Amino acid sequence: MPNTREKLRIVIVGGVAGGASAATRARRVNAQAEITILEKGPVISFANCGLPYHLGGEIEQRDKLLVATAELFWNRFRIAVHTQHEVTSINREQQLISGCTGEGKTFELPYDRLILSTGSEPVRPPFFAANAKNVFQLWTLEDMDYILASLRERPVKKATVVGAGFVGLEVVEQLVRRGIEVTLVERDPQVLGALDCEMAKLIEGELRRQGVAVHLSASIDRLCYIDEAATSIVLASGDSIPTDLVIVGVGVRPRTGLAIDAGLTIGPSGGVRVNEFMQTDDPNIYAVGDMVEYRHGVLSQPMRIPLAGPANRAGRVAGAHAALGHESPFQAASGGQALSMGSVVGTCIVRVFDLTAGATGLNEKACRAAKIDYRVATIQGPHHASYFPGAKNLTLKLVYRAHDGKLLGAQAVGAAGCDKRLDVIATVLHFGGTVDDLSKLDLAYAPPFGAAKDPLHMAAFVSINDLRQLPRLVEFDAELEGLQIVDVRSAAEIAQLPLAGAICIPIDELAQRWTELDPQRPTVTVCHSGKRAHIAACWLNGQGFASVKNLNGGMSVRSLA
Ligand code: FAD
């Protein structure tokens with residue numbers, strides 16, 4: 001290694017996901033550098049994603065959340081860690097940071113390279129009273145400890161979770177696990193904003209099935225207190241929800257104050273602007289994690305994506321680049337390609353009791369906002385061969401570009417197998433693939449693991465059929481009045497979930513009875529999930545019907561509208 005790097009001083013601000021990854025990567029590629037982590041909290045490298053699960057006792061030991069200690073960082077990596085050290089300013093001219101310790105002492109530290117990974121902070125809505133005894137947010141280990149202490153101190157029969165995002169739903173699940181009666185209050189008309197409304201309905205149904213009282217489109221007017229303890233939540237509608245404990249999880253904002261004060265550029269989405277090596281517009285200052293904006297892999301636009309995966313990968317990229325200097329030897333070693341961040345598609349997943357929900361890339365809402373001409377296909381199917389014991393139903397929705405089938409995103413909800421499907425689709429998105437590419441993937445199969453035609457293939461086939469008009473799909477919530485609706489479900493299925501105005505011809509009678517239908521009328525075929533309706537649509541097309549479409553996702557999805 002060149003001598004110029006021997007005394008490279010790398011200072012990292014924030015010692016959890018991005019910061020810890022940056023520090024250890026920097027050490028692995030540069031044994032000589034002086035590496036220091038400054039962390040304002042009491043610990044570094046803790047598993048913030050695991051906090052809800054200790055709250056409910058599923059992760060039994062608190063220690064398990066402490067992934068690595070300051071001692072380990074020093075003993076194994078010779079990385080100096082200073083906890084309770086908050087950095088308050090950056091002097092870019094002198095390459096010097098200054099700050100304050102937990103005991104109120106000030107400190108200064110020079111740097112050659114500075115890596116910022118200060119994360120994000122939870123949004124505090126106006127009704128949030130910081131001095132309340134039983135109103136909490138869950139963002140740090142200390143937050144979790146406060147909540148647990150409160151649960152120990154006073155009996156909690158009823159809890160209210162405000163916000164139905166990922167963290168909110170994890171908290172709901174874990175409070176129910178503790179035997180607490182939980183109410184969920186969400187301002188939007190649906191839970192899990194990362195999903196489109198009909199997919200989110202499946203999760204809402206699971207919450208209700210588990211006994212959670214779900215209030216949607218419900219904003220909070222105020223909290224009522226007795227002795228600094230909230231005793232009820234008053235909604236704008238006037239309804240009052242009695243409660244012993246409140247946990248608020250209504251979103252996060254990037255912690256960019258330090259970067260803004262230092263004059264670093266903030267991008268259009270509110271995160272620090274960085275290049276592919278995670279350098280800010282000051283080449284000696286890097287930024288990673290929740291505080292930055294990444295290039296979105298589908299939109300090719302800068303976007304904030306506050307998730308642990310990108311933060312860890314970005315930390316690794318920044319650590320290597322900072323530690324190797326700006327002329328990376330990796331560049332030569334890897335055939336001219338420098339280690340770079342690449343794009344992020346926001347792949348996310350959450351378990352909600354017996355269901356899993358997740359998304360990757362763009363959903364319909366995001367496509368509309370970006371004015372993309374898109375189409376969707378939704379399928380339902382068993383997560384592995386239906387005849388093999390334990391098969392569980394999975395709903396998979398693909399979003400793709402209308403003119404060429406380029407995959408734009410996907411959502412999955414089911415009792416098993418969602419993670420695998422989302423990850424495969426995230427991979428296709430990474431490579432800019434189409435639904436046609438998805439249909440051609442050679443995936444592992446044996447009955448306990450998947451299906452010879454995996455749900456991924458099935459969703460791709462449906463999308464391709466839609467694009468080639470073999471037949472076209474019609475949106476699950478489309479107005480069907482005036483159309484000839486042909487319902488090919490069995491009489492028993494129709495009795496359970498009737499569809500007004502439909503002509504009912506069970507699929508196995510269609511070849512015999514199709515002449516009862518008017519071939520000139522625009523027709524839509526319907527069944528439970530779209531599979532039998534597809535067969536029916538193909539048959540009617542083959543008989544010369546003028547226009548036949550298949551209801552996307554069938555009645556199983558339409559009934560969610
Ligand atoms: P963080 O990991 O938050 O680290 C930032 C650190 O910087 C903090 O420790 C902070 O104290 C410190 N800091 C801030 N300012 C200063 C300063 N001025 N001086 C010194 N130190 C400072 N993501 C997922 O992908 N999947 C999940 O399942 C998931 N679950 C989550 C559950 C919970 C309860 C929480 C809170 C988050 C979860 N996340 C999850 C989000 C994920 O944890 C974050 O995206 C990730 O930690 C961001 O990494 P980061 O390095 O940017 O910030």
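None of the values given here were measured: they were computed from a predicted structure. As the structure lists them, so they are numbered: ligands from 1, and atoms in each ligand from 1.
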Nearest protein heavy atom with distance in Å, relative to atom 41 (C) of ligand 1: P306 O, 4.2 Å
Contact check: G18 vs ligand 1, nitrogen or oxygen atoms, below 3.5 angstrom: yes
Between S269 and E293: side-chain donor-acceptor atoms closer than 3.5 Å: yes
Which of the ligand 1 atoms, numbered from 1, are nearer than 4.0 Å to a heavy atom of A311: 48 (C), 49 (O)
Options R255, M291, H82, ranked by nearest heavy atom to atom 14 (C) of ligand 1, top entry: R255
Crowding at CZ, R368 (>12 non-hydrogen neighbours, <6.0 Å): yes
Residue pair S98 / T106, side-chain heavy-atom distance below 4.5 Å: no
E58 versus Q174, side-chain donor and acceptor atoms under 3.5 Å: yes
Nearest-neighbour protein heavy atom for atom 53 (O) of ligand 1, which is reported as residue plus atom name and distance: G119 CA, 3.2 Å
Protein residue, atom and distance nearest to atom 26 (N) of ligand 1, heavy-atom basis: C49 SG, 3.9 Å
Distance from atom 33 (C) of ligand 1 to nearest protein heavy atom, with residue and atom: N48 O, 3.2 Å
Side chain, backbone, both or neither: the part of L38 lying under 4.0 Å from ligand 1 by heavy atom: backbone
Side chains of V182 and T160 in contact at under 4.5 Å (non-hydrogen atoms): no
Smallest separation among heavy atoms of G319 and R25, with atom names: C-CG, 4.4 Å
Identity and separation of the nearest protein heavy atom to atom 5 (C) of ligand 1: S117 O, 3.2 Å
For atom 11 (O) of ligand 1, the protein heavy atom that lies nearest, with its residue and separation: E39 OE2, 2.6 Å
Of D196, T378, T395, T360, the residue whose pairing with Q411 passes side-chain hydrogen bond (donor to acceptor under 3.5 Å, both in side chains): D196
contact_flag H85 ligand 1 heavy-atom lt 4.0 Å: yes
Protein residue, atom and distance nearest to atom 23 (N) of ligand 1, heavy-atom basis: A308 N, 3.3 Å
Subset of ligand 1 atoms that lie under 4.0 Å from at least one heavy atom of V167: 32 (C), 33 (C), 34 (C)
Close N or O approach (E86, ligand 1; < 3.5 Å): no
Worked verdict on R209 versus D354 for salt bridge (Lys or Arg N to Asp or Glu O under 4.0 Å): CA-CA 10 Å; R209 251 191 310 281; D354 295 335; over 6 Å; no
Any donor-acceptor N or O pair under 3.5 Å, side chains N134, S150: no
Neighbour count >12 (heavy atoms, 6.0 Å) for atom NZ, K133: yes
Mutual orientation of the aromatic rings belonging to F277 and H321 [parallel < 30°, tilted 30-60°, perpendicular > 60°]: parallel
Top protein contact for atom 4 (O) of ligand 1, by heavy-atom distance: V16 CB, 3.4 Å
From the candidates V171, I305, V87, the one that places a heavy atom nearest atom 19 (N) of ligand 1: V87
V13 contact mode with ligand 1 (heavy-atom cut-off under 4.0 Å): side chain
Those atoms of ligand 1 less than 4.0 Å from some heavy atom in G289: 52 (O)
